[in-house]
Every structure is written in structure tokens, then in C-alpha cells.
Amino acid sequence: MKGNIFISKLLLAVLVSMQAFGCIYAQDSGFKLKGRICEKDGKSGIGYATVKVYNDTDSASVYRGVADEAGAFSIGSVAAGSYRVAVTCVGYEDYAARVNVGADTDMGTITLSEDKNMLDGVTVMADYSKVKPTGDVVVKVKGNPMAKGKTLINFMRYLRDLDVTNNSISVRGRENTLIYVDDRKVSFEQLKSIPPSMIDRIEIIPHADASYGVNATGGVVKVYLRSEGGLLGSVSLYGEADYYSPVRFSPGFNLLYSKGKISIGNFFNSRPYERYRPEYSETSIYEGVKDETHIKGVNYGRSLDENLSFRYSFNKFDRIDVYGGVGVGSGDSRQTSIGSDSETKMNTDNNHRDYNAGLQFQKGLSADGRSYFMLKTEYNKSFENTDNRYVVDITSDKAHSKYNLDGVSVEPYVSVGLTKRSTLSAGFNYYYLIDRHQNRGTETLGYVSDMHFVNKGHDCAAWASYGITIGKLFMRAALNYIWGEQIYKDYLAPENNVSNIERGLFPTFVLQWDINREKRRFLNIGYFRYYSYPNYNYRSPEVVWQNSKLYSVGNPSLKMQTYN
């Protein structure tokens with residue numbers, strides 16, 4: 001057992017050394033969160049474990065780090081607040097805890113228990129996995145004994161290169177991992193609802209090629225559903241509880257039917273009950289005056305998602321897919337902030353609707369299927385209405401916000417097998433989005449102003465990629481040219497109108513050397529250049545109320561930033 005754990009830690013150490021440590025988005029007034037990860041004896045350190053820090057009220061990972069060889073970790077610039085901390089490491093059971101950060105915080109010794117099933121599973125999974133010359137890992141799910149009696153998320157914890165928690169999935173612990181089901185991009189929540197019995201195989205792509213976009217820096221996870229004739233169905237029930245009471249109740253129903261050239265899929269998931277109770281303290285300093293605030297509240301949510309898909313296969317390489325979905329949800333939260341000289345209550349009621357429809361067409365251009373043309377197009381629409389009510393001591397006020405969003409994307413591309421060992425791919429991506437906001441601010445309290453603005457933009461990208469295998473060496477080089485335009489129009493304050501155009505040429509390079517395929521020894525090196533807009537999200541500005549002296553609607557004048 002100790003030998004297997006040592007090998008697992010050694011392999012993880014090699015992976016960690018091949019990539020940059022996790023990025024931490026710093027704030028000037030943040031604190032340090034540290035600790036040491038050990039085995040059950042509390043003495044032997046567990047090196048290279050992954051530490052992720054999540055917002056207490058949602059599933060967003062806001063800080064992350066990797067333990068050193070002795071198991072010690074230190075994450076700097078953590079803002080004051082309440083967080084959930086998750087620790088994962090191959091060969092050990094996951095660890096989760098809550099922590100309040102109001103100063104430099106030492107979590108002390110965190111002990112992890114050996115996961116005997118995981119270590120046995122690593123051996124079994126080796127027989128159902130293969131590594132492509134490109135570095136992609138293909139795992140057979142159909143007939144895999146490790147998939148029996150497990151949810152998809154629990155099964156995927158055994159897969160090489162994946163870092164899986166109850167709230168997220170990432171390739172090698174990197175952010176911005178994309179998830180696809182049969183070439184259709186899906187969310188993590190949609191993925192969780194699919195049982196392993198409906199899946200043929202899973203493909204893990206550590207270095208995504210240019211067809212996935214310049215920002216797919218976290219790799220890609222692709223799930224392929226079974227296509228043999230017959231009817232497959234499942235009913236699932238997911239529940240979660242914390243110290244106080246049940247947190248989430250989520251029933252789901254899935255159906256997959258195939259006969260001849262036709263395949264039909266139905267994926268239904270709901271959350272009739274969801275509740276979180278955040279409670280934390282924070283310290284702020286304004287004009288030299290220090291203020292201690294204690295915040296507590298309760299958040300409720302309800303949602304329903306229905307997704308349908310239809311596929312017609314003309315032959316082995318030609319097919320057309322049509323799909324669509326609808327999601328509805330509502331939520332309400334009650335929050336109380338008790339400061340040194342006042343008490344503030346904020347009640348929020350929210351409801352939203354989301355719709356999507358898409359079409360994919362694939363046409364084979366060669367007898368072996370290596371050359372093909374594909375066209376993807378998709379339309380998305382979202383509505384949201386939010387009512388806020390503020391009570392400061394004995395003064396009450398209200399605010400209302402709503403947005404209406406439309407997005408369209410078109411992605412044609414072609415892949416040509418030049419020889420048995422080389423491939424040339426090229427394509428074009430176009431995305432248009434218009435996001436309309438109209439907000440009625442508070443009248444008595446100066447918390448939120450009236451706003452009426454539109455944020456719209458175009459993203460265009462032309463790309464080309466060439467890959468070749470020479471003996472045990474695979475190389476791929478790609479260029480992605482980005483052209484983007486952002487238009488911000490403020491109907492109440494025209495002087496704030498902004499129009500930005502951004503351009504950039506972004507190269508990528510991937511190399512893999514098969515040192516010893518039988519012993520599964522590979523060397524994989526990748527270089528990426530990508531971009532980011534450093535505001536909340538330049539496509540979807542938000543009103544974020546923080547206190548009586550600070551709120552934000554995003555910053556549309558911020559420029560695109562590039563990273564290597």
C-alpha cells in the first residue's frame with residue numbers, strides 16, 4: 001500500500017512540475033491561508049496535494065494552490081470572508097472543511113485517509129485506458145467494472161489527469177476546462193446527471209487544439225454516449241446535507257434510445273430544494289476608520305432543466321444533430337449585516353429563464369473518416385429579474401434589476417488527413433451577444449443608482465493547426481487570430497459610451513514523446529498564448545452591491561490582457 005501511494009505521489013509530482021502553479025487572483029488587503037497535509041499519523045507529509053478554496057455561497061473556486069513535498073501549503077491574498085476548503089490527492093480520500101478568514105489563518109494539520117478503492121481502481125483503469133500519440137487519454141466506460149454502482153462523478157475520480165470534486169472538474173487542476181457530451185458543450189451540473197451506464201467512452205484532452213478556442217487553457221473533457229440499438233434509462237436522486245439541515249435535493253431522469261440511424265436523448269434534472277446558510281465576519285477600513293461587520297443569512301433556490309437531442313446518421317461518418325433545452329429557476333436570500341453602528345438587512349428575490357437550440361452537421365471527406373467537414377451553430381437566450389429590499393436600522397428601500405440576453409455562434413471547420421501521420425485543420429468561429437440591462441435603483445438609500453445600458457460584442461477567430469507524428473514524437477502547432485469588438489451604450493449617461501476593438505495573434509505548440517508506451521511513460525510539453533478581459537465578464541456586466549460607499553457595474557473600458 002505504501003509503495004502504491006509513493007508511486008502515485010511521484011507521478012503527481014511530475015505532473016505538477018510540468019505546469020505552472022495555480023494562479024491566485026490577489027487583492028491588496030488579503031490574508032494568508034496556510035496549513036500542512038499529512039497522513040493519518042499526523043506526521044508524514046503528503047506532497048503535491050491540490051488545495052482549492054471556494055466561495056461559501058456558490059461553487060466558484062476563487063483561490064487554489066499545491067502543497068510542497070513536505071505537505072505544506074500557503075495561499076496568499078485571500079479576502080476576508082467564509083470559505084469552503086477542498087483537498088484532493090491521488091490515493092487518498094477527499095477532505096473538505098469550512099474556514100472563516102479575517103486575518104492570517106493557519107488550518108494546522110489536515111489528515112487524509114488512504115483510499116484503498118482508489119488505489120485498486122488505478123490498476124483496473126489501466127486496462128481500460130489508452131494514451132494517444134497526441135497525449136489525449138481515452139477511457140472505456142462500457143463494460144468497465146469500476147463504473148458499476150457509481151455515479152459518473154465518483155467514477156471520474158479514478159481517471160488519469162482529472163481533478164474532480166462535487167462542485168467542479170478540471171484537467172490537471174487547471175481552470176477553464178471545457179466539458180462536451182457528443183460534441184455539445186455542457187455545464188458541470190448537466191454532466192453530473194448522466195449515469196455511466198449510458199456512456200461508451202470518455203476522452204481527456206490536456207492540450208486542446210485551436211478548434212476549441214484560444215481560452216480553452218484548462219483542457220477538454222469529452223463524453224461519448226452509447227449508440228448501440230435499444231433503450232437505456234435511469235432515475236437518479238441526489239441529496240446533500242450540512243450541520244444545520246438538508247442543503248440540496250435533486251431528482252433526475254435520463255433516457256437514451258437508438259434504433260437504426262436514429263438516436264434520441266432526453267436529460268431532465270431538477271432542484272426543487274436548495275439551501276445554504278452563509279455566516280462570516282469581515283473587516284473594512286474607510287478613511288482611517290475600522291469597521292467590524294458580522295454577516296449571516298440564508299439562501300434558497302429552485303430550478304428545472306430539460307434538454308432534448310436528436311441525431312440522424314446517414315452513414316458511419318455523416319450525421320446531423322439537432323438539440324435544444326430550457327431551464328427555469330428562482331431563488332431568494334435573506335442577509336443581515338451587523339456593524340459597529342448599524343444593522344442592515346437585504347432581501348433578494350430572483351427568477352430566471354434560459355433557452356438554447358443548436359445544430360451540428362458532419363460530412364466525411366475520406367473513406368477512413370480522418371478527413372471531414374463540420375458545422376456547428378447555436379442560439380442562446382436568457383432572462384432574469386431581481387427584486388432587492390434594503391432595511392438600514394429603521395429606513396427601508398427597494399431596487400429592481402432585469403436583463404435580457406441573446407447570443408448566436410457559428411463554427412465551421414475542416415480537418416484533412418494529409419498522410420497517415422499528419423493532419424491539417426482550419427476553421428472560423430463567430431460569436432455575437434447582446435446583453436440588455438434596465439435597473440431601478442434605491443430612492444432613499446444611496447446604494448444602487450438607476451441604470452439602463454446595453455453591452456454587445458462580436459468575437460471572431462480564424463485558426464489553423466498542423467499535427468504530425470514522427471516515430472515516437474508527436475508535434476502540433478497552431479495559430480489563432482482573434483478579432484473582437486465590444487460596445488457599451490449607456491442610455492442614461494451617454495458620456496460613458498465605449499467602443500473597443502481588440503486584435504491578437506495567438507500561437508500554441510504541443511509536443512509529446514512516447515518514452516515507453518508499455519510502461520505508460522510519456523513526456524508532454526505545451527505552450528499557449530491566450531487572452532482575457534479582466535473585468536467581471538465583458539459580455540455580461542453585473543450590478544454588484546457591496547455597501548453604502550461602493551458598488552460596480554463592471555468596467556467596459558478595460559483592455560484585453562494576454563498571457564503565456
Side-chain angles (χ1 to χ4, degrees), residues 54-60 82 84 86 96 98 149-156 164-169 179 181 184-198 223 232-256 264-279 296-309 323-336 346-357 380-389 400-403 405:
Y54 297 89
N55 281 326
D56 191 56
T57 55
D58 57 40
S59 60
S82 180
R84 291 179 290 113
R98 294 181 182 271
K150 294 183 177 67
T151 65
L152 178 58
I153 300 306
N154 286 336
F155 170 73
M156 296 180 80
V164 182
T165 72
N166 288 332
N167 301 294
S168 66
I169 184 172
I179 306 172
V181 173
R184 177 189 178 187
K185 189 185 296 185
V186 300
S187 67
F188 179 73
E189 289 298 323
Q190 290 173 316
L191 179 71
K192 287 172 63 175
S193 67
I194 303 175
S197 60
M198 289 187 172
V223 174
L232 292 172
S234 72
V235 176
S236 61
L237 181 61
Y238 175 80
E240 183 180 345
D242 62 12
Y243 176 81
Y244 301 101
S245 64
V247 171
R248 180 185 300 176
F249 174 70
S250 180
F253 171 75
N254 299 310
L255 181 68
L256 185 63
I264 300 173
N266 177 76
F267 299 94
F268 171 83
N269 186 56
S270 64
R271 291 186 188 178
Y273 177 81
E274 186 175 43
R275 180 209 51 78
Y276 292 98
R277 294 183 62 179
E279 184 171 357
K296 63 179 180 179
V298 57
N299 302 329
Y300 294 97
R302 297 157 293 278
S303 64
L304 182 150
D305 291 282
E306 170 68 23
N307 291 275
L308 293 168
S309 63
Y323 56 86
V326 58
V328 296
S330 63
D332 56 87
S333 65
R334 305 292 180 263
Q335 179 176 293
T336 301
M346 183 172 69
N347 298 340
T348 301
D349 294 300
N350 168 276
N351 63 82
H352 69 270
R353 291 169 288 161
D354 303 287
Y355 308 94
N356 71 84
N380 296 276
K381 188 172 187 64
S382 298
F383 301 92
E384 182 169 302
N385 286 279
T386 303
D387 289 299
N388 293 312
R389 182 172 180 266
H400 175 79
S401 64
K402 63 179 180 180
Y403 79 75
L405 180 149

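- The CZ atom of R275 lies 9.5 Å from the CG atom of N299; values are rounded to the nearest 0.5 Å.
- Contact of the D354 side chain with the K381 side chain is not registered, since no non-hydrogen atoms from C-beta on lie closer than 4.5 Å.
- Closest non-hydrogen pair, P195 versus N254, comes out as CD-ND2, 3.5 Å.
- Note that CG of L152 and CG of N154 are 9.0 Å apart. Values are rounded to the nearest 0.5 Å.
- One finds the CG atom of N266 at 4.0 Å from the CD atom of E306 (value rounded to the nearest 0.5 Å).
- The shortest side-chain heavy-atom distance between P272 and F249 falls under the 4.5 Å cut-off.
- Between R353 and E384 there is no salt bridge, since no side-chain N of the basic residue sits under 4.0 Å from a carboxylate O of the acidic one.
- Taking 4.5 Å as the limit, some side-chain heavy atom of Y54 sits within range of a side-chain heavy atom of S168.
- Across every non-hydrogen atom of L232 and M198, the tightest pair is O-CE, 3.4 Å.
- For the atom pair CG (L405) and OH (Y403), the distance works out to 6.5 Å, reported to the nearest 0.5 Å.
- Applying the side chain to side chain donor-acceptor pair (under 3.5 Å) test to T386 and every residue at least two apart in sequence or in another chain returns N350.
- Counting only heavy atoms from C-beta outward, the side chains of N307 and F268 never approach each other to under 4.5 Å.
- When all heavy atoms of R277 and V298 are compared, the closest pair comes out as CG-CG2, 4.0 Å.
- Heavy atoms of other residues, nucleotides or ligands lying less than 6.0 angstrom from NZ of K402 number 12 at most.
- N385 places none of its side-chain heavy atoms less than 4.5 Å from the side chain of H352.
- Between atom CG of residue N269 and atom CG of residue L191 there is a gap of 11.5 Å, rounded to the nearest 0.5 Å.
- Taking all atoms of both residues into account, the shortest heavy-atom contact from S270 to S250 is O-OG, 2.8 Å.
- Here the closest heavy-atom approach between residue R248 and residue Y276 is recorded as NH2-OH, 2.8 Å.
- Taken to the nearest 0.5 Å, the CD1 atom of I264 stands 8.5 Å off from the OG atom of S309.
- Comment: R334 engages D349 in a salt bridge, judged by a side-chain N to carboxylate O separation of less than 4.0 angstrom.
- With contacts defined as side-chain heavy-atom distances shorter than 4.5 Å, the pair T348/D387 does not qualify.
- Side-chain contact between V181 and F267 is absent, with no heavy-atom pair separated by less than 4.5 Å.
- Not counting sequence neighbours, the partners of R302 by the side-chain contact (heavy atoms from CB on, under 4.5 Å) test are Y300, S330, D332.
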- Task: Go through F188 and I153 one step at a time and tell me if the side chain to side chain contact (heavy atoms under 4.5 Å, CB included) criterion holds.
- Result: CA-CA 10 Å; F188 179 73; I153 300 306; 3.7 Å; yes
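- Taking 4.5 Å as the limit, every side-chain heavy atom of Y355 sits out of range of all side-chain heavy atoms of N380.
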